[in-house]
Amino acid sequence: MLGNWKRSHLCGALTAAEMGEDVCLMGWVQRRRDHGGLIFIDLRDREGVVQLALDPDRDPLAHKKAEQIRNEFVIAARGKVSPRPEGTINPKMKTGEVEIEVNELKILNRAETPPFMLDEHTEVAENIRLKYRFLDLRRPALQNNMLMRHLVAKTVRNYLDDNGFVEIETPVLTKSTPEGARDYLVPSRVNPGNFYALPQSPQLFKQLLMVSGFDRYFQIVKCFRDEDLRADRQPEFTQIDCELSFVDRETVMSVMEGLIAKIFQEALGVELTLPMPRLTYAEALNRFGVDNPDLRFDMELVSLTEIVKDCGFKVFADVADKGGLVKALNVKSGATFSRKELDDLTDFVKIYGAKGLAWVKMTEEGWQSPIAKFFNDDELAALNQALGAEVGDLLLFVADNARITNEALGRLRAHLGQKLGLADKENYQFAWVTDFPLLEWDDEAKRHVAVHHPFTAPLEEDIPLLDTEPGKARAQAYDLVLNGSEVGGGSIRIHDQSVQSRMFSLLGIDDQEAREKFGFLLDALSFGAPPHGGIAFGLDRLMMILTGADSIRDVIAFPKTQKATCLLSEAPNEVDEKQLQELGVRLRRQSK
RNA sequence: GGGGCUGUAGUAGAGUCGGUUACAACGCCGGCCUGUCACGCCGGAGGUCGCGGGUUCGAGUCCCGUCAGCCCCGCCA
């Protein structure tokens with residue numbers, strides 16, 4: 001097919017520098033413009049588009065062939081890089097100064113008419129795009145995302161290699177462990193009735209590699225969690241997984257923020273200021289209501305419980321009396337919100353369990369609000385002062401238990417930041433959130449569960465709390481938050497077998513279960529484990545922010561739908577009875 | 001498991017209060033056109049209104065169910 005034709009350049013890379021050269025180009029037909037005589041073809045490849053000019057007077061044969069060419073045909077063209085005639089330079093194109101005067105043309109492959117136009121102007125429903133993903137991936141938007149993803153992966157490898165990390169692969173067929181997300185299971189043919197689990201992360205293996213003395217490990221690795229999908233969650237996703245020996249939290253954070261800074265420099269040309277801000281979990285919750293605050297704008301939550309504890313508004317006073325929280329945020333210049341908008345905000349906080357949203361519009365005459373009448377002048381003055389309220393502002397209050405008040409207002413703050421355009425996509429605000437609680441009480445299971453995971457070390461000063469008030473113990477954990485998104489998280493691990501056993505017992509995992517599930521880790525810890533810690537970054541979420549994508553599907557070549565299916569390959573599918581028999585698996589009839 | 005949005009030629013949309021033959025655009029096919037670049041002009045083909053049921057003399061439109069895609073809650077150590 002190619003014969004002795006050999007590609008000399010990429011289409012999109014040609015510039016005036018190649019002027020006069022004879023070139024051989026290959027690519028896809030973006031568009032053909034047939035003027036009856038002259039025919040123009042925009043030829044596209046990974047790098048971009050260049051214009052081919054076919055003149056019937058110069059080469060009748062090539063011109064004749066060009067007449068039957070259609071969109072997305074794969075063609076090869078030989079010709080000369082030429083300056084465009086006066087007045088026909090296209091400043092919108094990277095290659096707009098030149099065109100190829102074609103003297104030989106070859107059709108390498110014909111193409112059916114594509115189901116949708118492969119240009120940047122046509123918007124296509126996502127289910128169609130996913131079914132023909134290989135075509136959607138030809139479009140510049142996804143091409144650019146995938147190319148940047150490659151650049152980031154390359155940068156990660158270079159940086160970590162420079163900093164003494166070793167890339168080591170860990171098993172994909174591994175062991176199901178309790179705690180955490182639902183596992184994807186793989187039946188073992190050789191061991192009927194037994195199952196492998198796909199890893200939720202290589203957590204235990206990377207700790208074993210520290211015990212083995214590799215000092216610093218990393219892997220760009222697929223992880224699997226069988227949970228419901230979201231705009232930023234896929235069942236299989238990629239982590240930049242790291243683990244380091246003989247380090248404390250500060251060392252991990254400083255090595256890793258160097259990595260992030262390098263990524264932003266290479267991918268976007270953005271220089272980040274280091275070190276990144278640090279924020280404790282308690283402070284994050286107090287000021288922003290959530291542990292992943294968006295720091296691109298202010299609008300912080302203000303605690304008003306003390307001010308309203310004796311006020312005439314029973315809803316607030318009761319909550320204060322019962323140990324709950326009354327908090328509010330000040331939407332600067334928000335008094336223009338319509339009744340409908342306020343109703344929508346009320347519906348919004350109800351999603352997170354709030355019973356309602358009290359609002360106040362600050363006018364020249366003072367409070368305009370359904371709840372204004374319940375407060376005396378002193379209380380009004382104190383509230384205004386606490387919130388920095390000025391004429392034209394909108395104050396929004398939630399009163400409930402601490403968890404609901406913080407979450408509802410925190411989410412409302414993030415929502416308003418988007419709605420009011422305070423969250424500029426090209427403004428990158430990082431923070432490390434530290435000192436997470438080690439444990440959390442699970443009301444359903446009537447036991448503590450690990451906030452991070454069962455191998456996270458407590459703060460040294462909080463170790464005594466494990467025996468007295470384990471719920472108050474803080475962890476040597478850290479999350480990296482970027483623009484309201486958790487892009488990474490990790491901790492210093494327990495490297496002492498006895499502390500690890502104590503942790504398991506706090507989690508309600510008895511000795512026998514601990515041996516069954518984690519025996520190999522406990523063994524490893526007993527054979528000389530170095531102090532170690534690590535972190536994992538969600539590469540997909542990081543790519544979303546770097547590319548400005550609203551969906552995780554836009555940074556993954558072949559993503560799954562919300563029902564975890566692949567519209568392209570039609571996975572998952574039914575399998576032959578014979579395959580099931582070999583695996584010793586029998587299907588249960590699904591009851592409807 | 002739950003809440004919400006969407007579904008009309010290949011694509012993305014319009015379609016009023018339920019009323020005759022479901023519109024125009026892009027794409028596609030044919031013709032014309034030698035400087036276009038989201039080329040232009042003329043003509044043409046193309047429809048299971050997601051699917052099933054119901055109400056009605058009559059349903060793209062109203063009702064019920066269902067499927068698919070998306071967003072969210074729960075879930076995601």
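Order of the sequence lines sets the chain letters (A, B, ...), proteins ahead of strands, with each chain counted from 1. Atom set for the values below is all heavy atoms of this structure, side chains included, hydrogens, waters and symmetry mates excluded.
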- Query: Does Q51(A) offer a backbone N or O that forms a donor-acceptor pair with the side chain of T95(A) under 3.5 Å?
  - Reply: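 Not a single qualifying donor-acceptor pair exists.
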- Query: Hey, is the main chain of G484(A) close enough, under 3.5 Å, to the side chain of N292(A) for a donor-acceptor pair?
  - Reply: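 Here the side-chain-to-backbone pair exists.
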- Message: Any base atoms under 4.0 Å from P85(A), or only sugar-phosphate, or nothing? Heavy atoms, all strands.
- Response: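 Here P85(A) touches the bases of the nucleic acid.
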- Quick one: label L507(A) by what it contacts on the DNA or RNA (base, sugar-phosphate, nothing), any heavy atom closer than 4.0 Å.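 No contact.
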So, under a plain 3.5 Å distance rule, would you say the side chain of [X] forms a donor-acceptor pair with the base of [N]?
{"X": "R129(A)", "N": "G69(B)", "answer": "no"}
{"X": "Q51(A)", "N": "U36(B)", "answer": "yes"}
{"X": "R233(A)", "N": "C76(B)", "answer": "yes"}
{"X": "E99(A)", "N": "G35(B)", "answer": "yes"}
{"X": "R411(A)", "N": "C72(B)", "answer": "no"}
{"X": "N90(A)", "N": "C37(B)", "answer": "yes"}
{"X": "D228(A)", "N": "G74(B)", "answer": "yes"}

- Do the ring planes of F518(A) and F504(A) sit parallel (below 30°), tilted (30 to 60°) or perpendicular (above 60°)?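 Aromatic pair F518(A)/F504(A) classed parallel.
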- With under 30° as parallel and over 60° as perpendicular, where do the rings of F436(A) and Y281(A) fit, or are they tilted in between?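 Rings of F436(A) and Y281(A): tilted, 30 to 60°.
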With rounding to whole Å, what would you report as the distance between [N] and [M] at their [atom1] atoms?
{"N": "C63(B)", "M": "G46(B)", "atom1": "P", "value": "33 Å"}
{"N": "G27(B)", "M": "C39(B)", "atom1": "C1'", "value": "15 Å"}
{"N": "C29(B)", "M": "C72(B)", "atom1": "P", "value": "40 Å"}

- Does NZ or CZ of K419(A) fall inside the cone over F337(A)'s six-membered ring, less than 6.0 Å from its centre and within 45° of the axis?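 Yes, a cation-pi geometry holds between K419(A) and F337(A).
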Nearest-angstrom distance from the residue atom [atom1] of [X] to [atom2] of [N]:
{"X": "D550(A)", "N": "G69(B)", "atom1": "CG", "atom2": "P", "answer": "20 Å"}
{"X": "L54(A)", "N": "C37(B)", "atom1": "CG", "atom2": "P", "answer": "17 Å"}
{"X": "R182(A)", "N": "G1(B)", "atom1": "CZ", "atom2": "P", "answer": "11 Å"}

Considering just the side-chain nitrogens and oxygens of [X], establish if one lies under 4.0 Å of OP1 or OP2 belonging to [N].
{"X": "T565(A)", "N": "G69(B)", "answer": "yes"}
{"X": "R33(A)", "N": "U36(B)", "answer": "no"}
{"X": "R84(A)", "N": "U36(B)", "answer": "no"}
{"X": "K563(A)", "N": "A68(B)", "answer": "yes"}
{"X": "K350(A)", "N": "G3(B)", "answer": "no"}

- Message: Going by the rule side-chain contact (heavy atoms from CB on, under 4.5 Å), which residues pair with I404(A) if we only count those two or more places apart in sequence or in a different chain?
- Response: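 side-chain contact (heavy atoms from CB on, under 4.5 Å) check on I404(A) returns A354(A), D400(A), N401(A).
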- Message: Reading RNA chain B from 5' onward, which residue's closest nucleotide shows up sooner: V451(A) or M117(A)?
- Response: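 It is M117(A) whose nearest nucleotide is closer to the 5' end.
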- Carefully, step by step, assess S485(A) and N483(A) under the rule side chain to side chain donor-acceptor pair (under 3.5 Å). CA-CA 6 Å; S485(A) 179; N483(A) 291 0; over 6 Å; no
Watson-Crick or G-U counterpart of [N], or none if no pair lies under 3.5 Å:
{"N": "C57(B)", "result": "G19(B)"}
{"N": "A25(B)", "result": "U11(B)"}
{"N": "C5(B)", "result": "G69(B)"}
{"N": "G46(B)", "result": "none"}

Is there aromatic stacking of [X] on [N] here, judged by a ring-centre distance under 5.5 Å and a plane angle under 30°?
{"X": "F116(A)", "N": "U11(B)", "value": "no"}
{"X": "H121(A)", "N": "A38(B)", "value": "yes"}
{"X": "H35(A)", "N": "U36(B)", "value": "no"}

- Please work out which residues in residues 534-542 of chain A have a non-hydrogen atom less than 4.0 Å from an atom of RNA chain B and list them by number.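 Nothing qualifies; none.
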- Message: For nucleotides 41-47 of chain B, give me one character per nucleotide, 5' to 3': B if any protein heavy atom sits under 4.0 Å from the base, S if the only such contacts are to the sugar-phosphate, - if neither.
- Response: -------
